[in-house]
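Numbering of ligands and ligand atoms starts at 1, following listing order.
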Amino acid sequence: MESNKFYITTPIYYPSGNPHIGHCYTTVACDSIARYRRMQGKEVMFLTGTDEHGLKIEQKAAEQGVTPKEYVDEIVKVFKKLWSYMNIDYDRYIRTTDDYHVESVQKIFKELYDRGYIYKGAYTGKYCTPCESFWTQSQLDENGCCPECHRPVTEASEEAYFFKMSPFADRIEKLLTETDYLQPKTRAVELVNNFIKPGLEDLCVSRTTFKWGIPVTFDEGHVVYVWIDALSNYITALGYENGAYDDFDKFWPADVHMVAKDIMRFHAIIWPAMLMALDIPLPKHLAVHGWITFNGEKMSKSLGNVVDPFILGERYGADAIRYHIMREMALGADSSFSNEIMINRINSDLANGLGNLVSRTVAMADKYFGGTLPTEREAGEFDDELINEATALRDKLDAFMDETQLNNCLIEIFKVVSRANKYIDETQPWILGKDESKKARLASVLYNLLDTIRIISTLLSPFMPTTMPKVWEQIGAAEADVTYANANKFGVLPAGVTVKRGEIIFPRIDVDKEIDELNKIIGSNKPAEEESGDGFEPAELAPEITIDDFAKIDLRVAEVKACEKVKKSKKLLCLQLDDGFGGRQVVSGIAQWYKPEDLVGKKVAIVANLKPVKLCGVESNGMICAADTPDGGASVIFPDQSLPNGSKIR
Ligand code: MSP
């Protein structure tokens with residue numbers, strides 16, 4: 001018997017910068033699937049969350065003079081705000097810093113150790129600091145750099161725990177090649193050839209070089225390295241090895257884990273191996289999608305406001321953004337993003353296609369029948385074609401849903417939108433309206449259109465949950481009419497249905513004017529990468545603030561009078577400053593790039609009104625301003641030496 005439970009997950013996101021449109025894809029896609037399954041009557045668990053440990057977070061927090069937890073807390077707020085903005089209806093949100101997750105991961109790590117799958121060794125390899133990944137020589141790119149971010153790697157060695165992968169190689173190969181775990185299955189070849197055939201390498205699963213992670217309970221100094229911590233979220237969030245939740249037996253195994261291609265390897269090989277080692281059943285499907293790209297590159301933080309989902313959502317509505325990204329992305333392939341493609345698609349599919357169909361139909365029902373259709377009918381040419389296409393839609397969607405092919409679901413829905421618009425041209429209601437004897441035929445035509453719109457909007461509602469209820473209001477559909485059960489039936493709207501003219505659901509956008517406006521908002525339509533050259537990725541632009549917001553930040557010139565390393569810290573310097581107001585002490589995470597003697601006597605720019613914090617037990621009253629450097633370092637901003645201490649910076 002088919003299970004009535006449905007468990008779907010997104011990856012847990014790194015809160016190392018604000019989310020961008022690239023992050024939205026998986027979440028919007030999973031939300032649409034979750035809504036579709038709920039509509040089918042399934043009991044759904046939709047999980048998303050944040051992956052909050054690791055060196056990168058530790059470094060970013062130190063740069064900002066806050067604790068890692070304080071740092072992630074702020075970014076998690078932005079993620080949650082975006083999900084609410086995009087109308088993402090998740091059932092559970094996991095943070096890997098949640099106590100219950102920490103407890104479970106410690107137990108999982110110990111269990112794997114006790115079962116002999118985790119052992120202690122030493123790791124020597126090529127390490128990419130920004131990606132927090134060790135790579136083997138053969139995995140490096142053609143320039144000997146990180147195969148993922150293409151930045152230089154360093155030789156590194158440390159005592160570490162390893163997870164034995166080889167015992168699972170055969171079973172994993174079968175999983176990928178002989179089952180329908182992987183979607184699309186064509187990706188199995190690269191996984192088998194690149195990772196399984198050459199011999200599965202054991203995975204390094206602990207670190208001693210940073211602290212911001214889950215401590216290994218039986219070996220002080222080791223923290224669990226990212227993947228065991230991160231992947232476990234899919235079961236700890238259901239209460240596996242913790243008392244916070246009690247849904248593991250109910251929802252596991254997951255129906256769909258959805259991820260992008262860069263983390264496919266971890267979900268296709270390491271995650272099944274972990275589950276095999278723990279004797280836990282395997283998830284049913286791993287759906288792998290490509291990247292949303294911008295100028296041929298994976299869209300990332302570097303691209304600034306041009307793709308800030310908050311700005312785009314504000315201008316076109318969350319549903320238009322949801323529609324666009326899901327329609328553009330074929331499972332497994334990349335999809336390139338540009339404002340122009342997006343605006344053109346909104347215009348063609350949503351404004352001209354669906355929006356026009358709804359407004360024309362409702363307007364005609366209003367014009368010819370005062371809003372309420374007469375019950376006298378006359379069937380005619382073209383009706384069956386329209387009705388057959390509309391009623392066949394649900395089954396087509398069900399099949400594509402099972403394959404996680406959301407773009408195809410939308411393509412099918414919009415074929416019916418086009419069919420209905422064509423039906424208007426074929427039946428010419430404006431001619432029928434002129435002839436009193438054709439009223440029954442006209443009523444039939446309009447009813448067929450309204451009931452087709454009911455089917456379309458019902459099946460579209462998981463994808464565009466904000467706008468479809470507005471359509472239902474306009475076509476006079478009651479809640480009971482727009483159910484999954486009714487989505488393959490015709491004649492569901494009451495015979496004498498009453499329509500209600502309303503706002504235009506998707507207004508047409510003037511492409512040229514809008515592109516100009518967007519360019520004004522971002523200052524330039526060139527992606528930041530192009531301007532800065534050499535692959536440097538500036539941090540993402542923060543959301544817009546007012547001059548009043550800026551005025552709250554008090555930036556000042558100060559002089560470094562003395563400077564020393566903070567004991568027990570490799571990263572922190574303690575600076576004594578003459579700030580023009582009697583002096584202050586500031587702790588800054590710049591020790592890797594500056595010696596104390598490099599700074600003494602120099603003028604620096606400081607954030608002077610920052611709330612004091614303690615870093616490694618030393619009080620810090622403010623922050624030294626520094627720019628990110630392309631190699632991940634920091635370059636202190638040195639104002640002109642002639643400026644008096646305490647000068648205000650605006
Ligand atoms: N924390 C890990 C995932 C752990 S899951 C157990 C991680 N986080 S991430 O924030 O870097 O990325 C999360 C997901 O967003 C990944 O699937 C990633 O590929 C996806 N995307 C990030 N940028 C993207 C695009 N430009 N396009 C599509 N997806 C993108 O990896």
*Asks:* Determine the interplanar angle of the Y245 and Y100 rings, folded into 0 to 90°, and report it as parallel if under 30°, tilted if 30 to 60°, perpendicular if over 60°.
*Replies:*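 Judged by the thresholds at 30° and 60°, the geometry between Y245 and Y100 is perpendicular.
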*Asks:* Hey, which atoms in ligand 1 end up nearer than 4.0 Å to a heavy atom of I263?
*Replies:*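 By the 4.0 Å cutoff, the relevant atoms are 3 (C), 16 (C), 17 (O), 31 (O).
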*Asks:* Answer yes or no: does an N/O atom from Y25 fall short of 3.5 Å to an N/O atom of ligand 1?
*Replies:*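 Checking ligand 1 against Y25, no N or O pair falls under 3.5 Å apart.
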*Asks:* Taking N or O atoms only and a 3.5 Å limit, does A260 qualify as a polar contact for ligand 1?
*Replies:*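 Yes: some nitrogen or oxygen of A260 is under 3.5 Å from one in ligand 1.
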*Asks:* Only heavy atoms of A230, strictly under 4.0 Å: list the atoms of ligand 1 that pass.
*Replies:*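 Going through ligand 1 atom by atom, the ones under 4.0 Å from A230 are 6 (C).
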*Asks:* Between H324 (side chain) and I343 (backbone), is there a donor-acceptor pair under 3.5 Å?
*Replies:*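 No; judged by distance alone, with no hydrogens or angles, the pair does not exist.
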*Asks:* Could you check whether K77 pairs with D73 (Lys NZ or Arg NE/NH1/NH2 to Asp/Glu carboxylate O, under 4.0 Å)?
*Replies:*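 Result for this pair is no, no salt bridge flagged.
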*Asks:* Please check if the side chain of D51 supplies one atom and the backbone of Y14 the other of a donor-acceptor pair under 3.5 Å.
*Replies:*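 A pair under 3.5 Å: no.
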*Asks:* Under a 4.0 angstrom heavy-atom cut-off, which atoms of ligand 1 come close to H289?
*Replies:*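 The list of qualifying atoms is 28 (C), 29 (N).
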*Asks:* Which is closest to atom 5 (S) of ligand 1 in terms of heavy atoms, Y234, W291, Y13, F266?
*Replies:*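 Nearest option to atom 5 (S) of ligand 1, by heavy atoms: Y234.
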*Asks:* Can you sort out which atoms of ligand 1 are near H20, meaning under 4.0 Å from one of its heavy atoms?
*Replies:*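 So the atoms of ligand 1 that pass are 23 (N).
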*Asks:* Short list, please: which atoms of ligand 1 are under 4.0 Å from a heavy atom of D51?
*Replies:*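 Reading through ligand 1 atom by atom, the close ones are 1 (N), 2 (C), 4 (C).
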*Asks:* Check whether any side-chain N or O of D319 sits under 3.5 Å from a backbone N or O of T466 as a donor-acceptor pair, and report yes or no.
*Replies:*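 Yes, D319 side chain to T466 backbone: donor-acceptor pair under 3.5 Å.
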*Asks:* At a non-hydrogen distance cut-off of under 4.0 Å, which region of K261 contacts ligand 1 (side chain, backbone, both, or neither)?
*Replies:*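 No part of K261 is near ligand 1 at this cut-off.
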*Asks:* May I ask you to list the atoms of ligand 1 that are less than 4.0 angstrom from any heavy atom of D262?
*Replies:*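 Reading through ligand 1 atom by atom, the close ones are 18 (C), 19 (O).
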*Asks:* Which residues satisfy the side-chain contact (heavy atoms from CB on, under 4.5 Å) test with S166, sequence neighbours excluded?
*Replies:*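 Residues passing side-chain contact (heavy atoms from CB on, under 4.5 Å) with S166: D202.
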*Asks:* Determine whether any heavy atom of W227 lies closer than 4.0 Å to an atom of ligand 1.
*Replies:*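 The answer is yes, since W227 has a heavy atom less than 4.0 Å from ligand 1.
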*Asks:* Does the N or O separation between P11 and ligand 1 drop below 3.5 Å for any pair?
*Replies:*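 Between P11 and ligand 1 (N or O atoms, distance only) the closest approach is not under 3.5 Å.
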*Asks:* Only heavy atoms of G290, strictly under 4.0 Å: list the atoms of ligand 1 that pass.
*Replies:*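 In order of numbering, the contacting atoms are 28 (C).
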*Asks:* Can you name the atoms of ligand 1, numbered from 1 with element, that are less than 4.0 Å from a heavy atom of G22?
*Replies:*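 Those atoms are 21 (N), 24 (C), 25 (C), 26 (N), 27 (N), 28 (C), 29 (N), 30 (C).
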*Asks:* Under 3.5 Å between some N or O of ligand 1 and some N or O of I292?
*Replies:*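 There is such a contact, yes.
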*Asks:* Within the distance-only criterion (no hydrogens, no angle test), does the side chain of W291 pair as donor or acceptor with the backbone N or O of G22 below 3.5 angstrom?
*Replies:*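 No.
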*Asks:* So Y113 and Y161, would you call those rings parallel, tilted or perpendicular, with 30° and 60° as cut-offs?
*Replies:*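 Perpendicular: the ring planes of Y113 and Y161 meet at over 60°.
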*Asks:* Donor-acceptor pair, R151 side chain versus C128 backbone, under 3.5 Å?
*Replies:*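 Judged by distance alone, no pair lies under 3.5 Å.
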*Asks:* Using the ring-ring contact (aromatic ring centres under 6.0 Å, His included) criterion, which residues pair with Y7? Sequence neighbours excluded.
*Replies:*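 Y7 satisfies ring-ring contact (aromatic ring centres under 6.0 Å, His included) with no residue once adjacent residues are dropped.
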